[in-house]
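Reviewing the structure listed below.
In what follows, residues are counted from 1 in the order of the sequence shown. Bear in mind the structure is a predicted one, so any value in this text is a computation, not a measurement.
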Amino acid sequence: MRRVHSLSLIVLTSAAIVSCDSGGGDFKLDLPVVFAYGDSIRGGYEPWLRRLLSEEAEVWTTGTVNGMGSVEMLAALEDLPLSDTSNLIPGLDDFEVVCINAGIWDGSRFDSNFIPTTNDQYQENFINALNLIFERNPSAQVVLVTSTPPNPEFPNAATNNPRIIGYNSVLRELSNVYSQVSICDLYEFVVENADDSVYDGGVHFTRDFSRELAGEVYFALHSALARASQN
């Protein structure tokens, strides 16, 4: 039996699933649907991303700007409902494309007792997430966004950057295993196009550079939507 949910009951990392375009408006059926999940880097580029996609897709996400790491990502996907158009809320089986940007929080948190996620644990979390997505939605396209490097001036950069590189390697390997998974390599984009001036703190970026990141993610999603339309 199909589960029935109301908007107030769909809890994902302490927030309801909402439409980026309307802040929680109705689920429309006239455009493809993208689910964008990620940490605060995604929160920074998301406003620009939804503008770029406004004529191509309806973008939904959780109601939190910061979805944190791979553990929270997996939990959020597990909590997504099945499709329920009677409540005008999309389910995991409705998304043509799922976009995930999670990794920075796996390597570092504001907690002295925090134990970083190992590459093996990170891989397991993403394998479980991908298997869940394809079990519920066999035709979905998935875009995995690599985590961006920290500000080199950040005190923990020398420790955190190697962890992020390791997590990103896991994502690239998974894209070679799953035919419906592609990579949006924001890490390399930052390395090739950025200097210290684009950072706003330890890991975040200025408004202008977040707009450039949105452009990179847009091109990846545009391609994924094109592939999804052929299914």
Side-chain angles (χ1 to χ4, degrees), residues 12-15 36-46 49 61-62 64-78 98-133 142-178 181-206 209-210 212-214 216-217 220:
L12 305 174
T13 57
S14 302
Y37 186 89
D39 53 31
S40 55
I41 303 303
R42 184 269 304 170
Y45 63 67
E46 184 184 283
L49 178 64
T61 186
T62 57
T64 176
V65 173
N66 192 344
M68 302 180 74
S70 64
V71 171
E72 291 81 6
M73 174 273 299
L74 178 58
L77 289 174
E78 290 173 340
V98 177
C99 181
I100 302 173
N101 188 175
I104 291 176
W105 283 82
D106 286 274
S108 178
R109 302 198 181 193
F110 300 105
D111 180 354
S112 59
N113 297 317
F114 171 68
I115 300 175
T117 304
T118 66
N119 285 358
D120 287 343
Q121 291 170 329
Y122 189 78
Q123 181 182 60
E124 181 178 356
N125 290 339
F126 269 86
I127 287 175
N128 288 338
L130 292 171
N131 290 343
L132 175 63
I133 291 169
V142 177
V143 175
L144 301 179
V145 182
T146 59
S147 294
T148 48
N151 186 341
E153 301 301 317
F154 190 50
N156 296 327
T159 301
N160 294 342
N161 195 43
R163 293 171 184 160
I164 290 172
I165 290 174
Y167 300 150
N168 291 341
S169 295
V170 168
L171 300 184
R172 295 188 188 98
E173 290 171 5
L174 291 175
S175 72
N176 293 325
V177 174
Y178 292 83
V181 174
S182 57
I183 291 290
C184 176
D185 204 339
L186 289 190
Y187 184 95
E188 289 302 320
F189 179 80
V190 173
V191 168
E192 294 172 4
N193 296 279
D195 55 31
D196 295 354
S197 67
V198 305
Y199 285 93
D200 183 11
V203 298
H204 297 114
F205 298 96
T206 63
F209 196 72
S210 291
E212 293 188 40
L213 296 180
E216 289 299 298
V217 179

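- In this structure, CG on N161 lies 12.0 Å from OG on S108, to the nearest 0.5 angstrom.
- Separating the CG atom in N168 from the CZ atom in R163 is a distance of 14.0 Å, to the nearest 0.5 Å.
- Residues satisfying the ring-ring contact (aromatic ring centres under 6.0 Å, His included) test with F205, not counting sequence neighbours, are Y199, F209.
- Taking 4.5 Å as the limit, every side-chain heavy atom of E173 sits out of range of all side-chain heavy atoms of V177.
- The minimum heavy-atom distance between I100 and M73, with the atom names listed, is CG2-CG, 3.7 Å.
- Looking at R42 and L49, their side chains never come closer than 4.5 Å, going by heavy atoms from C-beta outward.
- Atoms CD and CD1, from Q121 and I115 in turn, are 8.5 Å apart once rounded to the nearest 0.5 Å.
- Looking at heavy atoms from C-beta onward, L144 lies out of side-chain contact with S175 at the 4.5 angstrom threshold.
- Proximity of Y187 to P149: side-chain heavy atoms (C-beta onward) are separated by under 4.5 Å at one or more points.
- Separation of atoms CD1 (I104) and CG (D39) is listed at 5.0 Å; rounding is to 0.5 Å.
- Shown here for S197 and T206, the closest heavy-atom pair between the two residues is O-CG2, 3.7 Å.
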**Asked** Given R172 and D185, is the side-chain contact (heavy atoms from CB on, under 4.5 Å) satisfied, shown in steps?
**Response** CA-CA 9 Å; R172 295 188 188 98; D185 204 339; 3.0 Å; yes
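- The minimum heavy-atom distance linking E46 with T61 is given by the pair OE1-CG2, 3.8 Å.
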**Item:** Step-by-step side-chain contact (heavy atoms from CB on, under 4.5 Å) determination, V203 to T148
**Value:** CA-CA 8 Å; V203 298; T148 48; over 6 Å; no
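- Using a 4.5 Å cut-off on side-chain heavy atoms (C-beta onward), P152 and D196 make contact.
- Between the CG atom in L130 and the CG atom in L74 there is a gap of 10.0 Å [rounded to 0.5 Å].
- In terms of heavy-atom proximity, A102 sits nearest to F126 at O-CZ, 3.9 Å.
- With Y167 contributing its side chain and T117 its backbone, the two residues share a donor-acceptor pair below 3.5 Å.
- Contact of the T146 side chain with the F189 side chain is not registered, since no non-hydrogen atoms from C-beta on lie closer than 4.5 Å.
- Between I164 and P150 the shortest heavy-atom distance is CD1-CD, 3.9 Å.
- In this structure a side-chain-to-backbone donor-acceptor pair under 3.5 Å is missing from D106 to G69.
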**L171 vs V181, side-chain contact (heavy atoms from CB on, under 4.5 Å): CA-CA, chis, key distance, verdict** = CA-CA 9 Å; L171 300 184; V181 174; over 6 Å; no
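- Counting heavy atoms from C-beta on, the side chains of N119 and S169 never come closer than 4.5 Å.
- In the model, N131 has a side-chain atom that pairs as donor or acceptor with a side-chain atom of Y178 under 3.5 Å.
- For A157 against P162, the heavy-atom pair with the smallest separation is O-CD, 4.1 Å.
- Looking at I41 and S147, their side chains never come closer than 4.5 Å, going by heavy atoms from C-beta outward.
- Separating the OH atom in Y45 from the CG atom in N101 is a distance of 3.5 Å, to the nearest 0.5 Å.
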